[in-house]
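In each ligand, atom 1 is the first atom listed, and ligand 1 is the first ligand listed.
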Amino acid sequence: MLMEEAKGGKVTRQIEEVARAEGVSVEFVRRGVAAGRIVIPSNVRRQRRAVGIGEGLRVKVNANVGTSPDYVNPEEEVEKARVAVRYGADSVMDLSIGGDLDQIRRMILEAVEVPIGTVPVYQASVEAVARRGHVIDMSSDDIFNTIRKHAEDGVDFVTVHCGVTRDVVETLRRKGRLLKMVSRGGSLLAAWMIHHGRENPLYAEFDYLLELAREFDLTLSLGDGMRPGCLADASDAAQFHELLTLGELVKRARKANVQAMVEGPGHLPLNQVEMNVRLEKAVCDGAPFYVLGPVVTDVAPGYDHLVAAIGGALAAWAGADFLCYVTPTEHLGLPSVEDVKAGVIATRIAAHVADVAKGRDLRWDNEISEARKRFDWARQIALAIDPDLAREIRSRRPPVMDPKACSMCSQYCALKLAEEYLREAQKR
Ligand code: SF4
């Protein structure tokens with residue numbers, strides 16, 4: 001148990017790996033893990049790359065992949081996972097809901113070395129529909145048995161919407177909203193709870209969930225079932241009621257030596273992003289904050305990877321630790337491999353922008369600027385976040401008049417002129 005060992009002063013393999021990758025001391029990471037301000041998702045069943053998420057570490061990026069009932073192509077989902085990692089995703093979540101879910105999850109687990117997350121309630125619901133006809137026919141055993149199955153396969157973290165309690169659903173009902181719920185897992189559980197008049201099993205049996213998590217050292221990602229799905233619903237009563245519940249559950253998880261992070265919105269106007277991050281950090285006692293986006297305007301379907309990168313940069317600057325990518329197809333359809341690449345790169349830019357602002361990672365920017373000063377195009381392209389695209393653009397319209405410059409200003413290249421004349425001025 002990583003958290004227990006960290007509390008006992010032990011420096012584990014994962015802690016060493018994270019400290020090395022981040023350029024911080026092992027003691028810093030150990031203390032962070034012991035306090036619950038850093039998580040390192042790592043199932044005891046499968047040794048994977050150790051990735052630290054939390055305070056004082058670089059901002060991490062997650063990429064979601066997975067089939068839908070409309071498109072089942074396991075090989076393509078594996079390719080998406082590979083492409084996501086190739087372009088810098090720190091973790092991958094398999095959100096499949098179509099086809100042979102066990103097979104797809106296992107293929108993804110085999111394909112990439114980064115931590116893998118899942119949302120087991122999806123599979124429990126899909127199987128309930130297949131066996132008994134409706135999601136409300138799912139039992140609490142179905143949910144916990146699916147979590148166990150995912151853990152046995154070696155999944156490192158699971159999203160569990162424990163904060164969708166009966167009280168929280170009642171707040172939603174009483175206060176109202178434009179878009180009631182946009183969390184798939186949250187809505188499945190809410191439908192089940194309303195139909196049966198029962199409490200969410202993930203909340204009612206949270207101690208059992210902790211036992212399960214302890215057995216595999218599974219990290220819990222406390223899902224935000226009430227995340228706002230549009231700006232009109234941002235920062236409302238249901239969202240914050242759930243957050244308060246998650247704050248309590250973080251404390252219980254830590255007491256049980258189970259690593260936990262907290263998921264967050266969602267759709268937020270830019271001026272509410274920082275407040276949301278600070279609130280999560282205060283309510284959840286510094287638990288790592290994992291945000292989807294935030295999507296800071298609702299009007300740009302097709303460009304939501306850019307919208308989310310704007311929100312993600314601000315969220316990460318304010319203290320969010322883990323950005324879930326958004327692809328250009330968000331709100332429109334299942335992403336392609338190219339969309340996955342676009343989403344990962346946009347989100348990596350957001351994470352990097354925040355890291356630079358916090359005084360980390362500036363060396364990369366300085367290196368590319370040095371290459372730009374030397375007109376070393378090969379080096380510039382190699383250092384670009386997407387070298388393939390940079391190379392393609394440079395060769396699409398190559399320089400004609402001055403091969404040193406680019407075809408934008410050609411022989412009037414400001415960089416070149418300024419270099420030459422300033423050098424001359426210095427000689428005088
Ligand atoms: S100053 Fe103009 S020509 Fe020179 S590198 Fe920049 S864009 Fe290209």
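Closest approach of Asn276 and Phe289 over heavy atoms only: O-CE2, 3.9 Å.
In summary, Arg13 and Glu17 engage in a salt bridge, as defined by a charged side-chain N under 4.0 Å from a carboxylate O.
The structure places CD1 of Ile143 at 15.5 Å from CZ of Arg148, a figure rounded to the nearest 0.5 Å.
Taking atom 2 (Fe) of ligand 1 as the reference point, the nearest protein heavy-atom neighbour is Cys409 SG, 2.2 Å. Closest to atom 8 (Fe) of ligand 1 among all protein heavy atoms lies Cys406 SG, 2.3 Å. The protein heavy-atom contact nearest to atom 6 (Fe) of ligand 1 is Leu415 CD1, 4.4 Å.
Interface of Ala414 with ligand 1, defined as ligand atoms under 4.0 Å from a residue heavy atom, comprises 1 (S). Listed by atom number, the atoms of ligand 1 under 4.0 Å from Met408 heavy atoms are 7 (S).
Under the 3.5 Å distance criterion, with hydrogens and angles disregarded, a donor-acceptor pair is assigned to the side chains of Asn62 and Ser91.
Among the atoms of Cys413, an N, O or S atom falls under 2.8 Å of atom 4 (Fe) of ligand 1.
Seen from the ring of Tyr122, Arg184 counts as a face-on cation partner, given the 6.0 Å and 45° thresholds.
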